[in-house]
**Q** 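Dumping the structure here so I can ask a few things about it.
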Amino acid sequence: MKPLTHQVTELIRQAIHDAQSAGELPSVELPTIDIKPPKKADQGDYGASVALALSKPMGKPPIEIANIIAKHITKPDFISTVEVAPPGFVNIRLNENWIRELVNTLITSGNTFANLDIGTGKRAQVEFLSANPTGPITIGRSRGAILGDAIARVLEATGYEVEREYYFNNAGAQMRNLGESLRLRYLEALGQTMEIPDMEKFYQGEYLIDYAKDLIAEKGDSLKNEDWQPFKEYAEKRMFQWIQETCARIGIKHDIFFNENSLYDSGAVWKTLEELQKRGYVYTSVIREGETDEKVIAKSADFKPAQWFKSTAFGDDEDRVLVKSNGEPTYTLPDIAYHINKLERGFDLAVNILGADHFTQAQVVRRGVEAMGYDPKPIHVVHVQMVSVVRDGKPFKGSTRRGLFDTLDELIDLTSADAIRYFLLQRSPDSHLKFDINVAVSQSNENPVYYIQYAHVRCSGILREAEVRGVGIDGADLSLLGAEELNFLRKCLELPDVMQIASENLSPHTIAFYALELANAFHPMYDRVRAFADGIDPNLQKARLAFYTATKAMFKRVLDLLGMTAPERM
RNA sequence: GGGCAUGUAGCUCAGUGGAUUAGAGCAUUUGGCUACGGACCAAAGGGUCGGGAGUUCGAAUCUCUCCAUGCUCACCA
């Protein structure tokens with residue numbers, strides 16, 4: 001289906017064309033036609049200001065243009081009236097019986113209501129949560145994780161075939177440090193005194209102590225003369241499990257775990273380097289070309305030559321290192337290879353969720369992709385700003401007992417998956433986010449999560465009561481539904497528009513915001529529109545029960561889109 | 001210093017490509033209600049949309065400039 005605003009926009013566009021063909025309006029190029037609900041409810045459901053914008057190019061008063069447009073609008077069944085209001089708005093009112101039909105739509109197919117066809121026939125990939133698996137998921141990273149999953153849900157609902165992917169950075173120096181850290185813990189557990197060579201590189205998380213014990217239980221001391229590698233593999237395996245468990249707790253499941261290692265195994269990393277060399281974008285030097293900073297020059301005096309990517313050819317401020325002087329690649333090279341791999345898999349849309357701190361890096365990768373001769377257009381990077389967690393008005397640092405800081409697991413324990421999902425999705429990714437634990441756990445009206453879910457609970461309560469009383473909804477006469485119900489149904493009709501914005505802008509926070517608005521439209525009505533009032537007409541009761549069945553499906557739908565549960569009771 | 005963001009009610013924040021009188025939740029004040037589960041409802045107060053200038057019939061929105069804040073500018077990932 002298409003959002004209603006689009007259909008209305010098309011009607012107006014057509015009306016202007018028809019008026020132009022009939023010679024009633026001058027032939028000028030049409031501006032963007034913008035449709036919005038009027039401020040006052042009695043002005044109709046949609047208002048168009050296009051006549052104001054056309055006034056100047058057409059050389060006519062806006063009110064006159066508006067009248068001509070209104071005259072040429074052919075009303076489809078969902079529109080009841082077209083009115084003109086000063087200074088030149090064309091206001092459109094929906095057919096109320098058509099709105100009432102939404103009840104049946106929601107009852108029969110509420111779980112697909114507002115599905116759009118923007119992405120039909122297209123494949124999308126959403127990559128999120130990617131990082132070195134050197135520790136548990138932190139709160140900071142969980143914002144991107146939940147955003148990525150929510151974007152995937154929106155893309156699915158708007159027609160895309162979606163894959164959720166985790167780029168598992170299991171190569172590189174950090175993973176070697178992790179392996180080395182576990183090796184030291186292992187030796188320590190075997191009774192050897194542990195010497196920590198470099199605190200900067202040593203992972204202090206106590207989970208490594210547990211892993212060391214487990215490893216001894218499995219293999220005894222047979223690994224005591226091994227280097228870091230088997231330890232890295234073991235730690236990686238455990239970390240992989242842990243991350244998946246945490247994801248499952250919060251409703252996230254990746255379809256594909258793409259191992260960074262595989263890019264080395266397949267030779268893709270070095271092939272990428274060769275291709276860049278062939279294309280003339282790589283040079284070998286101790287220092288970047290054109291470096292003028294004397295401090296940098298002095299510092300690099302002892303360096304051996306590295307291989308540099310001439311990213312300045314693609315608009316970068318400075319060139320970037322691809323291969324370090326010790327022969328190891330930086331993250332840049334495998335990342336470029338990875339994105340080439342993505343593009344070769346033929347996605348129409350490849351969304352990548354990254355922290356705002358990765359902005360520069362994402363640009364370098366994009367330039368690398370361009371240097372390789374690929375069109376980076378399918379790649380969309382969404383940067384999420386930082387999240388700061390507050391408890392009792394103070395910054396929250398989590399438990400230090402196990403050497404962990406700010407883990408998502410701990411936050412789930414303290415609050416709930418639903419609360420975390422909602423609070424992290426509520427805000428635009430561009431805005432810095434303050435997560436107040438006290439609000440998230442509070443079972444009071446300051447918590448919007450409960451306010452939204454409570455709407456679903458209330459519908460469930462009514463339907464339970466209907467079952468007890470043996471009242472069904474078959475053959476309900478929807479024309480009995482009054483202004484209050486219609487008002488709520490109108491709000492429901494906005495979801496397709498919200499979905500379109502969320503999908504095209506990759507901004508699921510609009511849905512979170514809409515969910516609150518929907519609950520806000522529901523609760524006041526619920527008080528007045530009673531299904532079991534004394535002496536209620538049985539037909540009206542039946543119509544209202546059908547309405548609440550639809551309402552329940554609507555809340556379920558919105559909560560599903562956000563990845564939240566829709567409880568029957570609270 | 002450069003880049004990317006952010007600045008809207010006491011607080012947390014929406015506000016797509018300009019449009020009729022700038023929105024929500026919480027908090028505050030006042031009033032309802034013993035319920036189809038009140039985790040509710042009604043009403044009110046609260047804003048020179050960071051400052052200034054410009055474009056326009058019209059600017060929170062576009063342009064310029066200044067101020068403030070965050071992130072970032074590695075042979076770390």
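Note that this is a predicted model, so its numbers are computed, not measured.
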**Q** Would you mind reading off the distance between A:Met499 atom CE and B:U16 atom C1', rounded to a whole angstrom?
**A**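 My rounded result for the distance is 16 Å.
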
**Q** Mind checking A:Glu318 for me? I need base, sugar-phosphate or nothing, with any heavy atom below 4.0 Å counting as a touch.
**A**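 Sugar-phosphate only.
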
**Q** How long is the line joining CZ of A:Arg469 and P of B:C36, in whole Å?
**A**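 So the two atoms are 8 Å apart, to the nearest Å.
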
**Q** Compute whether any side-chain donor of one residue and acceptor of the other, for A:Tyr283 and A:Asp319, lie under 3.5 angstrom apart.
**A**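 Yes, a side-chain donor-acceptor pair sits under 3.5 Å.
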
**Q** Going 5' to 3' along nucleotides 3-8 of chain B, which nucleotides have protein heavy atoms under 4.0 Å from the base (write B), which only from the sugar-phosphate (write S), and which from neither (write -)?
**A** SSSS--

**Q** Going by heavy atoms closer than 4.0 Å, what residues in residues 326-334 of chain A are next to RNA chain B?
**A**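 Heavy-atom contacts with RNA chain B come from A:Thr330, A:Tyr331.
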
**Q** Would you give me the side-chain donor-acceptor pairs under 3.5 Å for residues 504-511 of chain A, sequence neighbours excluded?
**A**
{"unit_1": "A:Glu504", "atom_1": "OE2", "unit_2": "A:Gln500", "atom_2": "NE2", "d": "3.0"}
{"unit_1": "A:Thr510", "atom_1": "OG1", "unit_2": "A:Ser507", "atom_2": "O", "d": "2.8"}

**Q** Please report the distance separating the P of B:G1 from the corresponding atom of B:A44, rounded so that it comes out in whole Å.
**A**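 It comes out at 49 Å once rounded to the nearest Å.
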
**Q** Can you tell me the distance, in whole Å, between the OH atom of A:Tyr451 and the P atom of B:C13?
**A**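 Whole-Å distance recorded here is 21 Å.
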
**Q** Closest approach to the side chain of A:Asp357, judged atom by atom: which nucleotide of B:C71, B:G37, B:C36 is it?
**A**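 That would be B:C71.
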
**Q** C1' atom, B:G10 versus B:U65: distance in rounded Å?
**A**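 Each nucleotide's C1' atom is 31 Å from the other's.
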
**Q** Find the distance A:Gln426:CD to B:U12:C1' and express it as a whole number of Å.
**A**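 Taking CD of A:Gln426 and C1' of B:U12, I get 8 Å after rounding.
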
**Q** With the side chain of A:Tyr454 defined as its heavy atoms from C-beta on, choose the nearest nucleotide among B:G37, B:C36, B:A77.
**A**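 The answer is B:G37.
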
**Q** Between atom CE in A:Met525 and atom P in B:A42, what is the gap in whole Å?
**A**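 Taking CE of A:Met525 and P of B:A42, I get 12 Å after rounding.
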
**Q** Consider the side chain of A:Val286, meaning its heavy atoms from C-beta on, and name the nucleotide among B:C75, B:C41, B:C36 that approaches it most closely.
**A**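 Within the option list, the nearest is B:C75.
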
**Q** Between B:C75, B:C13, B:C36, which nucleotide has the shortest distance from any of its atoms to the side chain of A:Arg427?
**A**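 Among the listed nucleotides, the one closest to the side chain of A:Arg427 is B:C13.
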
**Q** Using the side-chain heavy atoms of A:Phe513, tell me which of these nucleotides is nearest: B:C73, B:G37, B:A14.
**A**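 Nearest nucleotide to the side chain: B:A14.
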
**Q** What residues, two or more places apart in sequence or in another chain, satisfy ring pair (Phe, Tyr, Trp, His ring centres under 6.0 Å) together with A:His523?
**A**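 Here the qualifying residues are A:Tyr451, A:Tyr454.
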
**Q** Got a sec? Which of residues 166-176 of chain A come in under 4.0 Å of RNA chain B, heavy atoms?
**A**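 Per residue number, the list reads A:Asn169, A:Gln174.
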
**Q** Is there a Watson-Crick or G-U wobble partner for B:C71 with both distances under 3.5 Å, and which nucleotide is it?
**A**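 B:G3 is the nucleotide pairing with B:C71.
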
**Q** List in chain and number order the residues that pass ring pair (Phe, Tyr, Trp, His ring centres under 6.0 Å) with A:His383, two or more places apart in sequence or in another chain; answer none if no residue qualifies.
**A**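 Only A:Phe359 meet the ring pair (Phe, Tyr, Trp, His ring centres under 6.0 Å) criterion with A:His383.
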
**Q** Could you tell me how far B:G52 sits from B:C67 if I compare only their P atoms? Round to whole Å.
**A**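 B:C67 and B:G52 have their P atoms separated by 15 Å.
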
**Q** If you define the side chain from C-beta out and look only at heavy atoms, does anything of A:Lys552 sit under 4.5 Å from A:Ser460?
**A**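 They are in side-chain contact.
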
**Q** Using whole Å, report how far CG of A:Leu516 lies from P of B:G15.
**A**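 About 14 Å, once rounded to whole Å.
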
**Q** For B:A24 versus B:G46, give the span between their C1' atoms, rounded off to a whole number of Å.
**A**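 Straight-line distance between the two C1' atoms is 14 Å.
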
**Q** Quick one: A:Asn505 CG to B:A14 P, roughly how many Å, whole number?
**A**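 About 14 Å, once rounded to whole Å.
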
**Q** Taking atom P of B:G17 as reference, at what distance in whole Å does atom CD of A:Glu504 sit?
**A**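 Value for this atom pair: 11 Å.
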
**Q** Taking atom C1' in both B:C13 and B:U8, what distance in whole Å separates the two?
**A**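 Comparing C1' positions in B:C13 and B:U8 gives a spacing of 9 Å.
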
